[in-house]
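Not measured: the values here are computed from a predicted model. Lettering follows sequence order; numbering is per chain, from 1.
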There are 2 protein chains.
Amino acid sequence: MHRNKTTLKSIAADLGITHTSVSNAFNNPAKVSSKLQKKILDYAKSINYHGPNPAARSLRTGLCGAIGIIYNDQLSYAFSDPHDIAFLRGVATVCEERGTNIVLIPLKNNDLNNFESLDAMVDGYILNAPYKSNPTTQRALAKGLPTVVVDFDAPLHISVLTNDASVMREMTDHIISLGHRKIGIITFPLTEGSHDLFTLDRKLETDNYVVNQRMIGCREAISGKGIKLNSILVRETINSRNGGAEAARHLLELQPDITAFICFSDRLAYGVMAECQRLGLDVPGRVSVTGFDDLSPPDMNSTLPALTTIRQDAYAKGRKAAEALLNKDEKQSRRINIEATLIKRDSTATK
Amino acid sequence: MHRNKTTLKSIAADLGITHTSVSNAFNNPAKVSSKLQKKILDYAKSINYHGPNPAARSLRTGLCGAIGIIYNDQLSYAFSDPHDIAFLRGVATVCEERGTNIVLIPLKNNDLNNFESLDAMVDGYILNAPYKSNPTTQRALAKGLPTVVVDFDAPLHISVLTNDASVMREMTDHIISLGHRKIGIITFPLTEGSHDLFTLDRKLETDNYVVNQRMIGCREAISGKGIKLNSILVRETINSRNGGAEAARHLLELQPDITAFICFSDRLAYGVMAECQRLGLDVPGRVSVTGFDDLSPPDMNSTLPALTTIRQDAYAKGRKAAEALLNKDEKQSRRINIEATLIKRDSTATK
DNA sequence: AATGCTTTGTTTAACGTTAAACTTACCTAT
DNA sequence: ATAGGTAAGTTTAACGTTAAACAAAGCATT
């Protein structure tokens, strides 16, 4: 007994051997006779030693067996979003297979000198954080650790993406083919915190890849069909049911003859449908509504029609992201595509 | 430039000062003139230094600004359980307020020498792991770090508990007051992996506190009502819809005149109701069913009756657990109670 | 003008581990 | 019998940081 703290060194001293052998007993059994290893491990267990100190090991090896997940939103918000949860489940499944820990890194507000943040002990990051110019996002990218980005265009990194543009074109084609001409688009913010109103012809400057791609899809479908881009209103709002409801109300005030709402998330769409219901506008009789994500309805007793939407496999996204991050070999930047598909249900109908 | 790696030391060398001052510029501004601090931070930023290495800091200070969450189940399973997710949201909310990272620690299978596991860098644990004798649980407790246990009786630690016994007594009273005498109880395993059949008089040896308490509640309510404890069948099964369905089928084979199922989770209850429906037994006309947790129905188009169940506030549990762990002052072991309440709905009726 | 306090910065040591280079002993093959 | 190889263990140094003790200078108080 030399100190009150048990370490490799103290064990070695107790046993009259060198601490390296103790280390090897844990990490490098081949370098120690099995007899000695047993002796060491038995003794370690008997004095309630729990294995080499992770911080010290990490300092020495530069590795720590954990990956960090970064969101733009509050963590508590992520855990109310079925999409984010499914994503996390995908990540967790892979990490479980490999014995990797997952570090959830909350956004820190007390970022006094721009340095406090983001000091997690991780070997790499998964950025599920769609706003490119977000400071935390930027800082994570700047760190230079292996990083996989999701729904985010970062040419120098591995990115997991969905065919947002093409599937949104398909969705818009579906709406147009049903005869709709007066269409309102409801999206979450193009840049963090923005909530503007504009028309589809506007040149977009957004740092949200997903919004950008979906907007492109809409535009491609609409242009050339005899519909003017500048007649299509686009409303930004926060990604929630209330946001959707409010946006729908606003758009209907401006253009009472709108017959279809294309929403960039199911949450928004459910808000829109609820608002239409409240206003006495039948869905899909009077107004068609579409979503994105394919989540379950928020309310178990919902009387809303089944939502026409786009399914994206968030679980698969999580899996792919984690696999890409943990597979040593694939260092190169590359794009991993997870196919999203249009699902026609009962919230859309002919005009 | 001394090495290719940027460290406090290399910055100090570049600036011709001592590395302690650089450290102080980040952690201890009072110990450095504001002029020098600015100089250091500016320089650090200019060469893309991201703050002191967390592993080294952690090694030196013994702290790391993160807490670990341990489940008995697979993580991926936790992320499909609304109860666990709400719990996690509660934990995350608190951690967000305090800037603490959350480490999700998967159960490791490759536990070769009983030492590999559980080497996360954390300052404390939240054990959301109800089986006391689970090896990972034991190991976490043995580590001696600050630990909060949930749904788990550990007199030496802070525990977050629900009034399982009393609320279950209330539920059973409710069932009996409706006239039911032939009752089947369906529970998840008393010990990890067990799946027995027994009667309510059996002396229980379980290492799952929650099951134990709920069983006590049932027994208290039943005894003295002229119902023999050894006439009440208890069936263990895995906590899933299928488990519930299978258990119900089994119990009905043994006792076709059962008129009420008391289930220890909503998952089980939904499975039971579905099975009854399949067997042509009306719920609640022919059979009453009760749950525990108050989750939404699994299926959006469910034709099942609204479940009589017990609501427990998993979010509050998470909050309380995290607060108790992070509040320095409250070192003492103590019990934190989160009240659960009986919610009568449509799945129970008079016999 | 001497005393003591504060501010600012420095030196030194230690946190617990693992990688690399080194020693010794033992075994095998010629 | 000797060289060469392997096995088992040891010594040394380093990972990047922070805490503590220390030194020097500046300032106010008497």
Just how far, in rounded Å, is P of D:dT17 from NZ of B:Lys9? 9 Å
Residue mapping more 5' on DNA chain C - nearest nucleotide basis, A:Pro52 or B:Gly16: B:Gly16
Reckon A:Thr61 touches a base, only the sugar-phosphate, or nothing at all at heavy-atom distances under 4.0 Å? sugar-phosphate
Indicate, with a heavy-atom threshold strictly under 4.0 Å, whether A:Thr7 touches base, sugar-phosphate, or nothing. sugar-phosphate
Would you classify A:Ser33 as touching base, sugar-phosphate or nothing, given that sugar-phosphate means primed atoms plus P, OP1 and OP2, and contacts are heavy atoms under 4.0 Å? sugar-phosphate
Starting at CG of A:Asn24 and ending at P of C:dA19, how long is that distance when rounded to a whole Å? 9 Å
Do the side chain of A:Arg57 and the base of C:dT17 come within less than 3.5 angstrom through a donor-acceptor pair of N or O atoms? no
Provide, to the nearest angstrom, the distance between the CE atom belonging to A:Met121 and the P atom belonging to C:dT17. 15 Å
I'd like to know if B:Arg335 pairs up with B:Asp153 as an ion pair, taking the criterion as any Lys NZ or Arg NE/NH1/NH2 lying under 4.0 Å from an Asp or Glu carboxylate oxygen. yes
Does one side chain, of A:Thr137 or A:Asn72, offer a donor that lies under 3.5 Å from an acceptor on the other? yes
Report the distance from atom CG of B:Asn53 to atom P of C:dT17, rounded to the nearest whole Å. 17 Å
Answer with base, sugar-phosphate or nothing: what part of the nucleic acid does B:Asn27 contact at a heavy-atom distance below 4.0 Å? sugar-phosphate
Tightest non-hydrogen contact, residues B:Val148 and B:Ala321, listed as CG2-O, 3.7 Å
Report, as yes or no, whether the 6.0 Å neighbourhood of atom NZ on A:Lys132 holds more than 12 heavy atoms from other residues, nucleotides or ligands. yes
Among the candidates D:dT11, C:dT11, C:dC15, find the nucleotide nearest to the side-chain atoms of B:Thr20. C:dT11
Please report the distance, rounded to the nearest Å, between NZ in B:Lys31 and P in D:dA25. 20 Å
About how many Å separate CG of A:Leu127 and CG of A:Leu325, when rounded to the nearest 0.5 Å? 10.0 Å
Earlier contact from the 5' end, DNA chain C, for A:Leu59 and B:Ser34: B:Ser34
Choosing from D:dT18, D:dT10, C:dT10, which nucleotide comes nearest the side chain of A:Ser21? D:dT10
Separation of D:dA7 C1' from A:Leu36 CG (nearest whole Å): 13 Å
Should the side chain of A:Arg60 and the base of C:dT17 be counted as holding a donor-acceptor pair, with the cut-off at 3.5 Å? no
So, does A:Tyr49 get its side chain near the phosphate of C:dG16, meaning an N or O under 4.0 Å from OP1 or OP2? no
For the pair made of CD1 in B:Ile17 and P in C:dT8, what is the distance, rounded to whole Å? 14 Å
Between atom CZ in A:Phe26 and atom C1' in C:dA19, what is the gap in whole Å? 18 Å
